[in-house]
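This report refers to the structure that appears directly beneath it.
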2 protein chains.
Amino acid sequence: MTGPHQSIRVAVDVAVLAVEAGRLCVLLVKVRRPPFAGRWALPGGLIGQDETTTAAATRELREKTGLADVWLEQLYTFSDPARDPAGRCVSVAHLALVPARDARLDATTKYAGVGLFPVAELPPLAFDHQSVVATAVERLQSKLEYTNIASSLLPETFGLGELQQVYETVLGRKLDPRNFRKRVVDLDLVRPTGELRRGGAHRPARLYRFATRKPVILRKLNV
Amino acid sequence: MTGPHQSIRVAVDVAVLAVEAGRLCVLLVKVRRPPFAGRWALPGGLIGQDETTTAAATRELREKTGLADVWLEQLYTFSDPARDPAGRCVSVAHLALVPARDARLDATTKYAGVGLFPVAELPPLAFDHQSVVATAVERLQSKLEYTNIASSLLPETFGLGELQQVYETVLGRKLDPRNFRKRVVDLDLVRPTGELRRGGAHRPARLYRFATRKPVILRKLNV
DNA sequence: ACAAAAGTGTTGTTACTACACCCATGG
DNA sequence: CCATGGGTGTAGTAACAACACTTTTGT
């Protein structure tokens with residue numbers, strides 16, 4: 001309904017977040033073509049003519065980084081007319097979460113020009129990708145508090161220490177271990193597997209798994 | 001990066017919600033052109049070549065319904081390739097909130113083919129607008145519980161009874177008046193103006209206004 | 001005087017916060 | 001035997017849920 005013909009490209013970008021060694025990281029790829037050649041950017045690209053944005057995000061992620069079967073949700077649509085100097089392009093940003101191990105193995109080792117960067121020390125990014133990362137981090141922080149989304153950041157089984165470290169890293173503050181452990185088991189977020197972790201130089205940790213890895217809303221609401 | 005050239009239109013749609021007479025309603029406009037001529041739909045249209053989606057949503061809302069200066073935020077981007085039978089069109093849906101009075105006066109009286117419909121009894125809608133309305137209602141319900149977003153659904157001043165009715169209508173359940181009143185004043189969500197409402201056939205209500213109408217996050221988090 | 005909405009307090013229960021020490025293992 | 005991370009309980013406090021009657025006005 002707005003006058004003449006539109007000429008707008010539609011793209012997707014994916015902010016893949018992972019917690020590695022107590023740092024919240026994002027997966028970046030090196031841009032090959034101008035005007036941002038050489039810079040780091042989120043993996044992404046134009047959507048196909050018969051593809052939803054989520055399908056395009058999944059496809060781009062696999063093509064550019066090898067990652068598949070990851071948690072992925074739509075984040076926000078960025079539409080500043082100046083966001084791409086090469087011409088008008090609206091981008092539907094997505095948030096993806098992976099266990100740090102997967103990010104390392106599948107992406108950064110086998111693919112050239114792919115790296116995991118701490119969000120606290122990002123290099124200059126192409127386009128408006130710095131805003132996208134900021135939005136992704138906010139979304140993760142808020143969902144961590146009322147969903148079981150942390151299951152996407154951890155391997156199948158894990159110790160409660162690892163779980164707590166994920167929470168502390170994402171939220172950016174220390175948590176009390178007694179209270180933390182009480183909560184996550186009382187809320188039935190995680191359940192013990194009965195196994196112990198062998199091999200550490202310390203007391204072995206009991207292993208846990210998430211009650212479910214499907215998305216779940218946890219906390220009761222009020223008003 | 002996906003082969004040949006894209007040909008995708010980019011549109012916005014706006015779900016304007018209001019609470020009227022204890023019912024949650026959405027503003028719809030009658031579609032003029034095929035393939036959905038005669039059906040009801042959300043106000044919306046193609047975005048301009050140099051316009052953000054939010055600017056386009058604001059503009060479309062004013063053009064189609066006369067509403068201006070309303071609370072408006074991006075909701076979700078709908079990209080099913082089959083959502084528009086007339087050809088590929090990605091739509092960035094927005095959520096808008098207005099006091100019921102404004103919806104009635106500015107929109108439905110002065111503009112032909114505009115109506116306020118209870119979301120519980122919608123007529124058949126064009127495109128995927130039924131999903132858009134459902135998404136909008138969910139977003140409103142969840143934000144009502146931890147923000148001051150209700151300020152956008154009420155006039156400048158109001159009685160606590162009206163405020164409670166807005167909450168009950170949106171959330172779809174009854175609330176206890178003693179607890180409700182305690183909360184909203186203790187949390188400094190609303191403050192008494194000192195005025196009374198004159199003219200009802202009953203005991204006059206003390207009037208309140210929101211502590212601020214700017215977006216605010218209310219509840220403290222935990223973990 | 002009656003109808004209709006406004007307004008108000010207390011109590012039991014639950015959830016949260018704060019806090020310090022012992023345990024099991026590998027080296 | 002020591003270094004390292006794993007693991008545990010309690011008590012004070014704050015927030016929440018449940019509950020019924022009186023007040024003020026217009027007609």
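Note that these values count all heavy atoms, side chains included, but never hydrogens, waters or copies made by symmetry. Proteins get letters first, then strands, A, B, ... in listed order; numbering begins at 1 in each.
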Taking only the side-chain heavy atoms of [X] (C-beta and beyond), determine which of [options] contains the nearest atom.
{"X": "B/Arg203", "options": "D/dG7, D/dT24, D/dC19", "result": "D/dT24"}
{"X": "A/Arg183", "options": "D/dG5, D/dC16, C/dC16", "result": "C/dC16"}
{"X": "B/Arg178", "options": "D/dA20, C/dA24, D/dT4", "result": "D/dA20"}
{"X": "A/Lys182", "options": "D/dT10, C/dA6, C/dA20", "result": "D/dT10"}
{"X": "B/Arg181", "options": "C/dT8, D/dA17, C/dA18", "result": "C/dT8"}

- 5'-most by nearest nucleotide on DNA chain D - A/Pro177 or A/Ala201: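 Upstream on the strand: A/Ala201.
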
- Task: Would you kindly compare A/Arg206 and B/Pro204 by the position of their nearest DNA chain D nucleotide and give the one closer to the 5′ end?
- Result: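 It is A/Arg206 whose nearest nucleotide is closer to the 5' end.
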
Could you give the [atom1]-to-[atom2] distance, from [X] to [N], as a whole number of Å?
{"X": "A/Arg197", "N": "C/dA24", "atom1": "CZ", "atom2": "C1'", "value": "15 Å"}
{"X": "B/His202", "N": "C/dG7", "atom1": "NE2", "atom2": "P", "value": "13 Å"}
{"X": "A/Gln164", "N": "D/dG6", "atom1": "CD", "atom2": "C1'", "value": "11 Å"}
{"X": "A/Asp186", "N": "D/dG9", "atom1": "CG", "atom2": "C1'", "value": "13 Å"}
{"X": "B/Phe180", "N": "D/dA15", "atom1": "CZ", "atom2": "C1'", "value": "17 Å"}
{"X": "B/Lys174", "N": "D/dA17", "atom1": "NZ", "atom2": "C1'", "value": "18 Å"}
{"X": "B/Leu175", "N": "D/dC16", "atom1": "CG", "atom2": "P", "value": "14 Å"}
{"X": "B/Leu207", "N": "C/dA6", "atom1": "CG", "atom2": "C1'", "value": "12 Å"}

- Query: Roughly how far, to the nearest 0.5 Å, is the CG atom of B/Asp80 from the OG atom of B/Ser131?
  - Reply: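 Separation between the atoms: 9.0 Å.
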
- Sub-4.5 Å side-chain heavy-atom contact between B/Val12 and B/Glu60: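 In short, these two side chains touch, coming nearer than 4.5 Å.
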
- Query: Quick one: the side chain of B/Asp176 and the base of D/dA17, do they pair up donor-acceptor inside 3.5 Å?
  - Reply: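 In this structure, the two groups form no donor-acceptor pair.
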
- Task: Start with the C-alpha distance between B/Tyr208 and B/Val185, add both sets of side-chain angles, then the distance that settles side-chain contact (heavy atoms from CB on, under 4.5 Å), and finish with yes or no.
- Result: CA-CA 10 Å; B/Tyr208 289 77; B/Val185 310; 4.1 Å; yes

- Classify the angle between the aromatic ring planes of B/His129 and B/Phe127 as parallel (below 30°), tilted (30 to 60°) or perpendicular (above 60°).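 If you compare the ring of B/His129 with that of B/Phe127, the planes turn out tilted.
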
Could you go through residues 209-217 of chain A and list every donor-acceptor pair under 3.5 Å that involves a side-chain atom there, pairing it with any protein atom two or more places apart or in another chain?
residue, atom, partner, partner atom, Å
A/Arg209, NH1, A/Glu156, OE2, 2.6
A/Thr212, OG1, A/Lys214, N, 3.0
A/Arg213, NH2, A/Ser151, O, 2.8
A/Arg213, NH2, A/Leu154, O, 3.1

